[in-house]
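Right, one structure below, let's go through it.
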2 protein chains.
Amino acid sequence: MPTPDRTSLEAIVQAGRDILESAGVAGLTMQAVADRVGVRAPSLYKRVRDRADLLRLITDATVHDLGERLAAVGAGTDPRRDLADLARALRAFAHDRPKGYQLVFTPSSDPGGLSAETLGRAVAPVMRVAAELAGEHHALDAARTITAWANGFISMELAGAFQLGGDIDEAYEFGIVRITEALSGRPRN
Amino acid sequence: MPTPDRTSLEAIVQAGRDILESAGVAGLTMQAVADRVGVRAPSLYKRVRDRADLLRLITDATVHDLGERLAAVGAGTDPRRDLADLARALRAFAHDRPKGYQLVFTPSSDPGGLSAETLGRAVAPVMRVAAELAGEHHALDAARTITAWANGFISMELAGAFQLGGDIDEAYEFGIVRITEALSGRPRN
DNA sequence: GTCTATATTTCGATAGAC
DNA sequence: GTCTATCGAAATATAGAC
């Protein structure tokens with residue numbers, strides 16, 4: 001009788017995500033993952049080709065979660081409000097999983113082979129809002145402006161780049177308001 | 001008679017910057033730097049405490065160069081034009097030195113101890129334009145919106161995150177126009 | 001200041017028994 | 001599928017002669 005399974009691919013990926021958050025990408029070693037799931041390191045290679053494969057799986061799972069979070073924001077009646085909600089949801093996600101967020105948006109090496117479907121699902125809500133705000137013709141440019149600003153803000157925040165004081169939450173809300181107006185072309189109150 | 005100097009701190013830092021661009025931060029090993037400057041690896045430790053110290057020196061030199069580039073843009077009569085010029089200069093710098101740019105704006109580990117003076121000089125032009133456009137009261141928030149957008153755009157571009165087609169240069173120009181309007185509150189033509 | 005030699009450590013990955 | 005044992009490859013950093 002063969003040895004019964006003592007772990008699973010799911011458990012390995014989840015352990016990897018946990019370790020990523022607690023020890024960073026450098027601390028995400030096969031040994032650490034093995035310890036956490038309760039097997040010896042060589043056993044991991046029965047379910048994962050190599051470390052790069054594991055990193056890809058973790059990235060994919062993270063993008064999937066992000067997609068669900070953004071989809072959960074849903075489409076309301078006001079695209080301006082939707083954009084604000086999406087922006088806040090993105091930032092909240094980044095605060096929950098800073099290392100995972102960085103892995104997705106600032107990959108040190110090309111993760112290559114990310115699920116296009118998963119990726120598309122995550123981007124869709126932003127594209128929709130961008131089209132509603134700026135018009136179909138400018139949808140892509142608008143989406144890129146939104147994404148660039150939000151991701152740039154969050155990345156710098158996570159990196160501790162905002163060192164001149166001031167309220168970071170307020171700065172983010174300021175950006176939401178101004179970006180929204182700039183894309184919709186509506187005047188401020 | 002002691003052995004004459006066969007290298008210098010300057011040469012070491014410059015070699016490090018070159019290697020960073022050609023081989024990435026992971027390829028920036030003491031061995032690689034030593035090979036390039038023409039000494040044996042242990043000799044580097046006479047001028048650099050350790051690898052982290054070298055990374056800090058490289059980062060500092062990169063920020064210094066960026067500061068000079070942005071300062072060279074200068075202040076014209078139209079802050080809107082100045083902002084556009086600064087944004088383009090930042091992107092051009094990133095294209096020239098992508099790895100160095102990422103090292104500065106997306107540090108994998110806290111470089112700690114960056115020269116505050118060097119950093120301030122790089123940020124100053126943006127702060128000035130932000131204040132002129134959005135007013136002193138909103139200067140910091142506006143500067144953060146500008147920086148977040150530009151850095152986010154460039155970071156995603158360098159990471160190859162813009163995969164839905166379209167013209168990237170045009171998307172950047174689109175962002176410049178809209179962000180400028182958003183901060184100045186002036187209507188589009 | 002530069003060198004040779006080497007200590008240390010760490011990590012990814014494989015071989016082969018059970 | 002899991003294990004023990006181990007290989008192999010890096011890379012940082014130090015010791016001590018010259």
Side-chain angles (χ1 to χ4, degrees), chain A residues 1-61 99 103 107-113, chain B residues 1-60 99 102-103 107-113:
Chain A
M1 181 171 144
T3 324
D5 288 16
R6 216 165 288 181
T7 184
S8 67
L9 180 58
E10 269 195 357
I12 289 171
V13 172
Q14 186 53 52
R17 298 181 71 179
D18 293 344
I19 292 166
L20 173 66
E21 293 304 332
S22 61
V25 61
L28 182 64
T29 67
M30 301 303 276
Q31 183 62 52
V33 174
D35 286 348
R36 180 168 259 260
V37 298
V39 300
R40 297 293 183 171
S43 302
L44 299 177
Y45 292 88
K46 287 292 179 180
R47 300 188 161 82
V48 163
R49 190 167 8 127
D50 52 24
R51 183 174 179 270
D53 190 32
L54 177 57
L55 266 175
R56 187 186 52 77
L57 289 168
I58 291 173
T59 305
D60 204 66
K99 306 288 186 181
L103 191 64
S108 1
S109 60
D110 198 318
Chain B
M1 180 172 147
T3 324
D5 288 16
R6 216 165 288 183
T7 184
S8 67
L9 180 57
E10 268 195 358
I12 290 171
V13 172
Q14 185 53 51
R17 297 181 71 178
D18 293 343
I19 292 167
L20 173 66
E21 294 304 332
S22 62
V25 61
L28 182 65
T29 66
M30 302 302 275
Q31 182 62 52
V33 174
D35 286 349
R36 181 169 259 262
V37 298
V39 300
R40 299 293 183 171
S43 301
L44 299 178
Y45 292 87
K46 287 291 178 179
R47 299 189 160 82
V48 162
R49 193 170 3 133
D50 51 23
R51 184 174 178 271
D53 190 32
L54 177 58
L55 266 176
R56 187 186 53 75
L57 289 168
I58 290 173
T59 304
D60 204 65
K99 306 290 186 181
Q102 289 172 310
L103 191 64
S108 2
S109 60
D110 199 319

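Since this is a predicted model, take the numbers as computed values, not measurements. Per chain, numbering begins at 1; letters A, B, ... match sequence-line order.
Annotation: side chain to side chain donor-acceptor pair (under 3.5 Å) contacts involving residues 19-32 of chain A, sequence neighbours excluded, comprise Q31(A)-D35(A). Counting only residues at least two apart or on different chains, the side chain to side chain donor-acceptor pair (under 3.5 Å) pairs with a member in residues 36-45 of chain A are D18(A)-R36(A).
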Where do N or O atoms of nucleotides 10-13 of chain C meet protein N or O atoms at under 3.5 Å, pair by pair?
unit_1: dG12(C); atom_1: OP1; unit_2: R51(A); atom_2: NE; d: 3.1
unit_1: dG12(C); atom_1: OP2; unit_2: M30(A); atom_2: N; d: 3.1
unit_1: dA13(C); atom_1: OP2; unit_2: Y45(A); atom_2: OH; d: 3.3
unit_1: dA13(C); atom_1: OP2; unit_2: R51(A); atom_2: N; d: 3.0

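Qualifying side chain to side chain contact (heavy atoms under 4.5 Å, CB included) partners for A23(B), counting only residues two or more places apart in sequence or in other chains: I19(B). Residues passing the side chain to side chain contact (heavy atoms under 4.5 Å, CB included) test with S108(B): none are found, sequence neighbours excluded. For R51(A), there are no side chain to side chain donor-acceptor pair (under 3.5 Å) partners, not counting sequence neighbours. Every side chain to side chain contact (heavy atoms under 4.5 Å, CB included) that D50(A) has, sequence neighbours left out, goes to A52(A), D53(A). Residues meeting the salt bridge (Lys or Arg N to Asp or Glu O under 4.0 Å) test with R17(A), sequence neighbours left out: D65(A). For the salt bridge (Lys or Arg N to Asp or Glu O under 4.0 Å) test, no residue two or more places apart in sequence or in another chain qualifies with D110(B).
Side-chain atoms of V13(A) and D60(A), non-hydrogen and from C-beta on, never get closer than 4.5 Å to each other. The shortest side-chain heavy-atom distance between R47(B) and D5(B) falls under the 4.5 Å cut-off.
Using a 4.0 Å cutoff on non-hydrogen atoms, no part of residues 9-18 of chain B comes near DNA chain C.
On the nucleic acid side, DNA chain D has its first and last nucleotide under 4.0 Å of a heavy atom of chain B at dA11(D) to dT14(D), going 5' to 3'.
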